[in-house]
Amino acid sequence: GGADAAFHNTALFNLDGLGAYPASGQGLFARTGASSDMGRFRAPALRNVALTAPYMHDGSVATLRDVLAHYARGGRAWTRARGPERGARNPHQSERVRGFALRGDDTAALLAFLEALTDESFVTDPRFADPFAQAAARAAGVSSHSHGEPH
């Protein structure tokens, strides 16, 4: 519980059958050293989630549809492993990641809901725009405009 309750293992990896994640992204384990924290990451808010692809801590899930499929099947059984751990469930995965059935229009309805969480007034507000993109656009506009001017 407590502050660590916001961290979850979504069964993205299980490299050794014991719940190992790649050294480049081990989640809360990197801070605590507790084996039960291997692969636990903070779950982000869903506001503007349709704009934040790719997904998961390592960007390994390309689309929201793929995210839904990941959770529906209860995580990813690690298939690159060899031997008895091949396809093993991650022993540290969150109890909230257990799989569920998506029937009929469920996927389309859930995607529409997630897309509805996009705050258009926020993402189009110039106060929150990328200042580097703005500067590049101004520079491109100035240089392309100056080439067309008569001397």
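- To the nearest 0.5 Å, the span separating CZ on Phe29 from OG on Ser36 amounts to 10.0 Å.
- Rounding to the nearest 0.5 Å places NE2 of His92 at 13.5 Å from OG1 of Thr10.
- Within the structure, the salt bridge (Lys or Arg N to Asp or Glu O under 4.0 Å) test picks out the following pairs touching residues 47-61 (sequence neighbours left out): Arg47-Asp119.
- The hydrophobic cluster containing Phe132, built from Ile/Leu/Val/Met/Phe/Trp/Tyr side-chain heavy atoms closer than 4.5 Å, comprises no other residue.
- Between Gly74 and Ala11 the shortest heavy-atom distance is O-CB, 4.2 Å.
- Here Leu68 contributes atom CG and Arg73 contributes atom CZ; the two are 11.0 Å apart, rounded to the nearest 0.5 Å.
- The side chain to side chain donor-acceptor pair (under 3.5 Å) analysis of residues 96-111, with sequence neighbours excluded, yields no pairs.
- Leu51 and Leu114 fall into different hydrophobic clusters, where Ile, Leu, Val, Met, Phe, Trp and Tyr are joined by side-chain heavy atoms under 4.5 Å apart, directly or via other members.
- Side-chain atoms of Tyr21 and Asn9 form a donor-acceptor pair, as typed in the model, at a separation below 3.5 Å.
- No donor-acceptor pair under 3.5 Å is formed between the side chain of Arg42 and the backbone N or O of Phe7.
- Pairs passing the ring-ring contact (aromatic ring centres under 6.0 Å, His included) check and including a residue from residues 100-123, sequence neighbours excluded, read Phe122-Phe128.
- Atom CZ of Phe13 and atom OG of Ser60 lie 5.0 Å apart (nearest 0.5 Å).
- Using a distance-only test at 3.5 Å, with no hydrogens or angles considered, no donor-acceptor pair links the side chain of Gln26 to the main chain of Ala20.
- Inspection of the Thr32 and Asp37 side chains reveals an N or O donor paired with an N or O acceptor under 3.5 Å.
- Residue Ala62 comes nearest to Ala53 through the heavy atom pair O-CB, 3.5 Å, listed as atom of the first residue, atom of the second, then distance.
- A distance of 10.0 Å separates CG of Leu110 from CD of Glu115, quoted to the nearest 0.5 Å.
- Taking all atoms of both residues into account, the shortest heavy-atom contact from Thr118 to Ala50 is OG1-CB, 3.8 Å.
- Looking at residues two or more places apart in sequence or on another chain, you find a side-chain contact (heavy atoms from CB on, under 4.5 Å) between Val61 and Leu12, Tyr55, Met56, Asp66, Val67, Arg76.
- Of all non-hydrogen atoms in Pro54 and Gly59, the two that sit nearest each other are CB-O, 3.4 Å.
- Cluster annotation: Val49 and Leu102 are assigned to the same hydrophobic cluster (Ile/Leu/Val/Met/Phe/Trp/Tyr, side-chain heavy-atom contacts under 4.5 Å, transitive).
- Residues in residues 122-137 take part in these side chain to side chain donor-acceptor pair (under 3.5 Å) pairs, two or more places apart or across chains: Asp125-Arg127.
- In this structure, His8 contributes its side chain and Glu95 its backbone to no donor-acceptor pair below 3.5 Å.
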